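First up is the structure itself, then whatever we jot down about it.
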Amino acid sequence: MKVEEEATSAVLNRLRRAQGQLAGVIAMIEAGRDCKDIVTQLAAVSRALDRAGFKIVASGMRQCLATADGDTPPMSEAELEKLFLALA
């Protein structure tokens, strides 16, 4: 699946943000920070990853519904549903 350049940029920004947040969570655990603070930051990481995944799926939807290379059949509705549910 080829993702549009604009979407790719947005996805990469979200993933980099999640990477930084995850590093922060690791540092918080190592420093013995409060559980509530750690869980809050971990939830932020999870949301950032979810948003990146949804952006990839949303921007690639046209490619998923159409034949990508002429040899590969388009994704069925069941396959698309499974793809979405993998992010849930």
Side-chain angles (χ1 to χ4, degrees):
M1 170 174 68
K2 182 163 174 54
V3 180
E4 298 170 359
E5 189 174 324
E6 183 178 318
T8 300
S9 178
V11 167
L12 287 173
N13 286 338
R14 287 181 177 147
L15 291 174
R16 287 185 183 108
R17 186 175 318 127
Q19 184 179 32
Q21 289 171 322
L22 185 55
V25 170
I26 292 168
M28 292 171 75
I29 292 170
E30 291 173 341
R33 294 277 303 269
D34 182 61
C35 180
K36 182 180 176 186
D37 295 336
I38 293 169
V39 171
T40 299
Q41 275 303 111
L42 200 52
V45 172
S46 180
R47 282 191 304 273
L49 292 174
D50 288 345
R51 286 177 169 248
F54 287 129
K55 183 71 170 177
I56 289 169
V57 172
S59 65
M61 187 58 65
R62 277 180 247 147
Q63 289 84 5
C64 290
L65 292 172
T67 303
D69 58 11
D71 294 330
T72 307
M75 291 180 76
S76 68
E77 185 176 331
E79 290 170 320
L80 288 169
E81 182 179 352
K82 185 176 178 180
L83 186 62
F84 275 115
L85 290 175
L87 294 171

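Keep in mind that what you see is a predicted model, and the values were worked out from it rather than measured. When reading the values below, keep in mind they use all heavy atoms of this one structure, side chains included, and skip hydrogens, waters and symmetry mates.
- Arg14 CZ to Leu49 CG: the interatomic distance, rounded to the nearest 0.5 Å, is 11.5 Å.
- Note that CG of Leu22 is 14.5 Å distant from CZ of Arg17, once rounded to the nearest 0.5 Å.
- Between the CD atom of Gln41 and the OG atom of Ser46 there is a distance of 12.5 Å, given to the nearest 0.5 Å.
- Residues Ala52 and Leu15 come closest through the heavy atom pair CB-CD2, 3.8 Å.
- Shortest non-hydrogen contact noted between Thr40 and Lys36 is OG1-O, 2.8 Å.
- In this structure, Leu42 CG and Ile29 CD1 are separated by 7.0 Å, a value rounded to the nearest 0.5 Å.
- The minimum heavy-atom distance between Arg33 and Ile38, with the atom names listed, is O-CD1, 3.5 Å.
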